[in-house]
Participant: 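Here's a structure for you.
Scope of the values below: all heavy atoms of this structure, side chains included, with no hydrogens, waters or symmetry mates. Bear in mind that the values here come from a model prediction, so they are computed numbers and not experimental data.
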Amino acid sequence: MVQFHEHIITELLEDSNGGLVVLSSGLSLSKLVSSLLILHSSSEGTLLLLSPSSTSLKSKITFHLKTLNPQFNQIPAEITAELPAHHRHALYSSGNAFFITPRILIVDLLTNKLPTSKIAGILLLNAHSLSETSTEAFIVRIFRSLNRSAYVRAFSDKPHAMVSGFAKAERTMKCLHVRKLHLWPRFQVYVSQELERDPPEVVDIRVPMSKYMVGIQKAIIEVMDACLKEMRKTNKVDVEDLTVENGLFKSFDEIVRRQLDPIWHTLGKKTKQLVSDLKTLRKLLDYLVRYDAVTYLKYLDTLRVSESFRSVWIFAEASYKIFDYAKKRVFHLVRSDGLKFNELSKGVKNKKRKSKGDGKDIEEAVDGTSHSTLNSGLVLEEVLEEAPKWKVLREVLEEVEEERQKAGMLGEEIFTEGEDTNNGIVLVACKDEMSCLQLEECITGSPEKVMREEWKKYLLNKVQLRDIVNKKKKPKDPKPKGFGILDGVTPITPAQNAETTSISKQEHDALLAAASKLRNVSENDNAKDAPQPDIGGQGSGKRRRKVGIRKVPVVLDGVGVQNNDKEGSVSDKIGMSDSKNEVNEDETNTVSAGRFSSEGTSVENIVLRKHSNPNVAARTGKPLPPVHFYALESDQPILDILKPSIVIVYHPDMAFVREIEVYKAENSSKRLKVYFLFYEASTEVQKFEASIRRENGAFESLIRQKSMMMIPVDQSGHSLGLNSTLESDLTTPQNSVTRKAGGRKEADKEMQVIVDMREFMSSLPNVLHQKGMRIIPVTLEVGDYILSPLICVERKSIQDLFMSFTSGRLYHQVETMVRYYRIPVLLIEFSQDKSFSFQSASDIGDDVTPNSIISKLSLLALHFPRLRIIWSRSLHATAEIFASLKANQDEPDETKAIRVGVPSEEGIVENDVRAENYNTSAVEFLRRLPGVTDSNYRAIMDGCKSLAELALLPVERLAELMGGHKAARTLRDFLDAKYPTLL
């Protein structure tokens with residue numbers, strides 16, 4: 001264990017009440033929690049860990065528990081809804097540590113199924129996501145009121161999230177009823193001393209970007225700046241936040257949306273579009289340094305299609321350069337005389353193009369670059385610019401292998417601990433799985449081959465798209481009578497095209513020609529290659545797509561067909577204790593077969609990949625070491641699993657750099673060399689440096705807040721009683737009416753609300769409890785909240801309301817509420833920080849339309865006249881509404897509410913409200929008969945036992961029941977009407 005973790009644990013153990021710990025990201029929060037779990041003894045009581053939203057943190061804690069203390073056999077199990085109540089009670093009393101979901105814990109607390117006296121404390125691992133209305137705050141409040149000696153310890157490794165909003169840290173501490181805030185930034189004395197005592201050897205390599213990459217980056221930043229200037233003109237956003245540097249982070253979207261949400265419905269379409277455009281531009285900057293040129297062009301093509309009409313950024317002045325330079329990285333058009341097509345475009349504009357016929361000449365040059373020539377004399381020439389980092393990565397790996405061989409020749413044995421600390425382990429850390437796969441192919445094959453593969457996929461996609469479009473087109477009549485919207489297509493003849501589109505048309509034709517030729521060639525090659533079984537053999541050395549024998553189980557040939565070289569694949573499997581991290585052959589094949597469709601395997605199964613390629617040495621003359629690739633997105637404890645001696649950070653990430661520092665501090669005797677690959681003067685460097693500055697700024701803000709923080713004396717929760725949250729004392733007027741027994745206050749009755757179990761995913765039960773209402777959690781078949789024997793409420797958030805209308809679920813829910821309750825209520829709840837409207841006034845039309853939410857609500861109200869609709873602008877407003885609705889009502893009956901709508905097993909029970917007591921189909925049928933209305937259908941049901949008896953009643957008797965001769969005659973005529981026949 002690192003020493004600063006010991007300091008943190010000592011500080012936490014000193015205060016029996018608990019505390020809030022904020023760590024720098026990457027300082028191994030999972031190890032800190034694991035150490036606390038090992039120190040926990042069962043004699044203290046049971047320890048509950050509220051399950052974090054990310055499963056990776058849970059798996060890392062489990063892994064560290066096994067590695068820190070192999071004898072520690074009490075790995076925390078998870079308590080979920082699947083476990084029956086008596087089983088959960090036994091676990092709560094066992095004295096061990098458990099993961100538990102907040103929803104189960106709050107329900108067990110409210111139903112008194114949790115023996116709070118036997119709980120030692122609660123650990124929360126996501127303190128940055130807490131708020132006053134969150135379920136975790138609800139749990140702590142009730143837990144503190146029942147057990148005042150237990151501790152609550154909360155952790156967060158996202159300091160920038162702890163400073164969003166006003167006094168976030170102080171409010172979080174108030175929610176948790178803790179008095180101590182522990183801040184551990186990277187620049188804290190103990191942390192910096194330990195991590196800098198024996199640092200790893202670092203090699204910082206700055207790779208220059210290609211001129212087109214620089215051009216694209218410059219153009220994107222120009223467009224981003226233009227969008228931000230437009231945003232500033234709206235006067236709706238805080239101008240200080242609107243900088244290009246802030247725009248590089250995901251949290252920028254959240255900052256802007258948080259400011260604009262309350263007035264979102266008043267914004268114009270342009271402002272709304274600017275918000276989404278900034279998100280798109282940030283992705284473009286990120287993908288430029290992350291992916292290859294062809295993948296980037298493919299992404300731009302999809303943007304051109306999806307955003308061409310609505311987007312603001314596409315029409316910005318500099319956006320043309322983004323598309324133009326991206327194409328130039330992949331291909332360019334030249335005339336058959338060798339001059340670039342772009343240079344002579346003026347001449348081409350004035351010439352009429354020849355009609356598009358079958359005379360497309362396609363030729364393949366001897367050196368392998370294919371040219372597609374049209375009748376007009378245009379040639380598509382491939383450029384296929386490789387990512388500059390690929391070459392540098394290969395050079396680094398060659399250098400590593402040379403050093404290893406030198407060390408081996410000199411007989412240096414650095415590591416003598418065993419096989420786990422193998423000197424040869426090289427780890428390459430990339431951002432995502434796709435980058436890992438592509439780099440693997442670059443190293444095991446060659447960069448040229450990888451780019452060729454991507455180019456082939458790109459071209460074949462073009463052909464597939466053309467084929468799909470051609471299939472959809474209807475055969476035209478020789479003399480078309482009409483066209484356009486009626487036919488579903490808008491024809492554009494080549495003659496009508498503007499001059500500027502003629503270039504893109506020729507370019508498109510050239511791409512399609514190359515793709516058609518490629519498809520024919522690949523089909524022929526497939527036919528030739530199929531009968532040859534010895535793909536990995538020695539005899540196929542001259543074949544064009546041979547990658548070479550390698551010990552990895554995947555070989556992709558040029559057309560994307562898999563060839564599995566199964567010999568030697570077993571020897572390269574990595575034996576590890578955690579079965580989740582093993583790479584199995586079938587999984588690897590699945591991932592490599594299609595880079596974009598890796599749904600078949602979970603991220604955990606592809607944490608690391610080991611590769612070595614003997615034939616690379618034969619081809620390049622320099623051998624490469626075995627390499628493991630790791631996707632940073634998978635968030636696994638890779639350094640502790642592999643224990644590498646060389647780490648190459650291909651995509652820089654602040655948290656991973658810190659993890660390397662902690663790993664080195666723990667293994668100070670191990671020699672570790674770290675290579676950083678940065679693109680020089682790129683947004684990649686800027687983003688990395690800005691992330692460090694942003695975190696330091698967040699900690700400085702937290703330190704200032706801590707120095708000025710005003711913590712109430714009773715914040716430890718010792719004065720927290722069951723009724724301490726009642727707000728009635730504050731709201732009662734001080735001068736009560738003196739005529740009522742000298743101003744004596746009547747004893748308040750405790751309000752009860754029956755709440756459906758599923759509703760504990762929302763924050764409303766928490767707010768109702770704060771208002772002093774008693775929450776009774778049960779499983780309800782009808783409704784979400786039962787306020788009284790008469791009032792049933794179905795709560796819908798805005799998103800849920802739209803989805804319920806679409807699926808038809810809301811109609812069914814209202815129908816059952818109307819059947820069983822006298823006052824059915826639909827509560828539409830808006831978010832407090834968002835606009836209190838569905839849509840802007842300009843979007844509301846005059847007519848009823850099937851897509852309009854207002855139209856759907858109107859039809860629902862017409863169909864169910866008894867339904868009451870309540871609009872609430874926030875959770876607290878809802879609580880006030882509930883209190884006023886309950887003012888003159890009886891308290892709801894729990895046993896009766898549970899039985900509503902549930903089919904009974906013992907038959908019909910008198911005065912019960914279960915489904916069998918009503919022949920609902922017959923009642924619905926009766927109400928649809930002519931002459932039967934809402935005012936008389938109950939009298940008819942009382943007067944006759946069945947529909948068969950009703951059909952035999954005379955008109956006079958019907959008149960008595962229906963309250964008039966006219967209605968009786970209408971019904972009688974309908975029942976006696978002859979059935980018309982065709983004879």
Participant: Could you walk me through whether E695 and S25 satisfy the side-chain hydrogen bond (donor to acceptor under 3.5 Å, both in side chains) test, starting with their C-alpha distance in whole Å, then the side-chain angles of each, then the deciding distance to 0.1 Å, before giving a yes or no?
Facilitator: CA-CA 9 Å; E695 190 188 81; S25 54; 3.0 Å; yes
Participant: Is there side-chain contact between Y299 and V294, with at least one heavy-atom pair below 4.5 Å?
Facilitator: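 No, every pair of side-chain atoms sits at 4.5 Å or beyond.
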Participant: Please confirm whether the backbone N or O of T683 pairs with a side-chain atom of Q217, one donor and one acceptor, at under 3.5 Å?
Facilitator: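 Such a contact is found between Q217 side chain and T683 backbone.
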Participant: For the pair V383 and H332, evaluate side-chain contact (heavy atoms from CB on, under 4.5 Å) and give the outcome as yes or no after the intermediate values.
Facilitator: CA-CA 7 Å; V383 178; H332 58 245; 3.3 Å; yes
Participant: Who pairs with I205 by side chain to side chain contact (heavy atoms under 4.5 Å, CB included), at least two apart in sequence or on another chain?
Facilitator: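 V203, V207, V392, V396, Y675, L677.
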Participant: Would you call K389 and E684 a salt bridge, using N to O less than 4.0 angstrom?
Facilitator: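 Yes.
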Participant: Would you indicate whether Y320, at its atom OH, is surrounded by more than 12 heavy atoms from other residues, nucleotides or ligands within a distance under 6.0 Å?
Facilitator: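 Open.
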Participant: Just wondering, do W313 and L284 contact through their side chains at under 4.5 Å, heavy atoms?
Facilitator: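 They are in side-chain contact.
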Participant: Looking at side-chain heavy atoms only, is the closest gap between E680 and V685 below 4.5 Å?
Facilitator: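 Contact flag for E680/V685 side chains = no.
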Participant: With rounding to the nearest 0.5 angstrom, report the OG to CG distance, S435 to L632.
Facilitator: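 It comes to 9.5 Å.
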Participant: For a quick test of reading the model, state the closest non-hydrogen atom pair linking A219 to K321 and the distance between them.
Facilitator: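 So the two residues come closest at CB-CB, 3.9 Å.
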Participant: Where do V649 and I660 land on the side-chain contact (heavy atoms from CB on, under 4.5 Å) test, with the steps shown first?
Facilitator: CA-CA 10 Å; V649 184; I660 294 171; 3.9 Å; yes
Participant: In Å, rounded to the nearest 0.5 Å, how long is the span from CZ of R304 to CG of L297?
Facilitator: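 Result: 8.5 Å between the selected atoms.
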Participant: Are I443 and W390 side-chain neighbours, meaning at least one heavy-atom pair lies under 4.5 Å?
Facilitator: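 Not in contact.
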Participant: Salt-bridged, R206 to D204, with N to O below 4.0 Å?
Facilitator: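 The answer is yes: the pair qualifies as a salt bridge.
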Participant: Over 60° means perpendicular and under 30° means parallel, so tell me whether Y458 and W455 are parallel, tilted or perpendicular.
Facilitator: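 The rings of Y458 and W455 lie parallel, inter-plane angle below 30°.
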Participant: Are L624 and E398 side-chain neighbours, meaning at least one heavy-atom pair lies under 4.5 Å?
Facilitator: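 Side-chain contact under 4.5 Å: yes.
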Participant: Hey, are R290 and D432 close enough for a salt bridge, meaning a charged N less than 4.0 Å from a carboxylate O?
Facilitator: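 Yes.
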Participant: For D324 and Y212, which I'm curious about, is there any donor-acceptor pair between the side chains at under 3.5 Å?
Facilitator: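 Per modelled atom types, D324 and Y212 side chains form no pair under 3.5 Å.
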Participant: Taking all non-hydrogen atoms of both residues, which atom of M231 and which atom of L278 are closest, and how far apart?
Facilitator: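 In this case the closest contact between M231 and L278 is CE-CD1, 3.5 Å.
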Participant: Looking at T444 and E440, would you say the former's side chain and the latter's main chain have a donor-acceptor pair under 3.5 Å?
Facilitator: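 Judged by distance alone, yes, a pair lies under 3.5 Å.
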Participant: According to side chain to side chain contact (heavy atoms under 4.5 Å, CB included), who are the partners of K218, at least two apart in sequence or on a separate chain?
Facilitator: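 Side chain to side chain contact (heavy atoms under 4.5 Å, CB included) check on K218 returns E222.
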Participant: Are F676 and V657 side-chain neighbours, meaning at least one heavy-atom pair lies under 4.5 Å?
Facilitator: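 Yes, their side chains come closer than 4.5 Å.
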Participant: How many angstroms lie between NZ in K270 and SG in C227, if you round to the nearest 0.5 Å?
Facilitator: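 These two atoms lie 9.5 Å from each other.
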Participant: Distance check, rounded to the nearest 0.5 Å: Q438 atom CD versus C430 atom SG?
Facilitator: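 Nearest 0.5 Å value for the CD-SG distance: 10.0 Å.
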Participant: Show the nearest heavy-atom pair for residues S24 and R186, with the distance to one decimal.
Facilitator: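 In this case the closest contact between S24 and R186 is OG-N, 2.9 Å.
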Participant: Begin from the C-alpha positions of L384 and V330 and carry the test side-chain contact (heavy atoms from CB on, under 4.5 Å) through to its verdict.
Facilitator: CA-CA 4 Å; L384 301 184; V330 181; 4.0 Å; yes
Participant: Does T280 use its side chain to pair, donor to acceptor, with the backbone of S276 at less than 3.5 Å?
Facilitator: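 Yes; at least one donor-acceptor contact below 3.5 Å.
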Participant: For a 4.5 angstrom cut-off between non-hydrogen side-chain atoms, does D653 reach F688?
Facilitator: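 Side-chain contact under 4.5 Å: no.
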Participant: Could you please spell out the steps behind the side-chain contact (heavy atoms from CB on, under 4.5 Å) verdict for N461 and K298?
Facilitator: CA-CA 10 Å; N461 277 347; K298 199 183 291 183; 4.0 Å; yes
Participant: In Å and rounded to the nearest 0.5 Å, what is the OG to CG distance from S319 to D277?
Facilitator: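 Those atoms lie 10.5 Å apart.
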Participant: Specify the closest pair of heavy atoms between A631 and E433, including all atoms of both residues, with the distance to one decimal.
Facilitator: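 That closest heavy-atom pairing would be CB-N, 3.8 Å.
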Participant: Restricting to non-hydrogen atoms, name the atom on R394 and the atom on P447 that form the minimum distance, rounded to 0.1 Å.
Facilitator: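 Here R394 and P447 meet closest at NH2-CD, 4.4 Å.
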Participant: Measure across V223 and A316 and return the closest heavy-atom pair with its distance rounded to 0.1 Å.
Facilitator: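 Here V223 and A316 meet closest at CG1-CB, 4.1 Å.
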Participant: Quick check: do Y679 and P388 have side-chain heavy atoms less than 4.5 Å from each other?
Facilitator: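 Touching, per the 4.5 Å side-chain cut-off.
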Participant: Calculate, to the nearest 0.5 Å, the distance between atoms OH and OH belonging to Y296 and Y287 respectively.
Facilitator: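 Output value for this atom pair is 10.5 Å.
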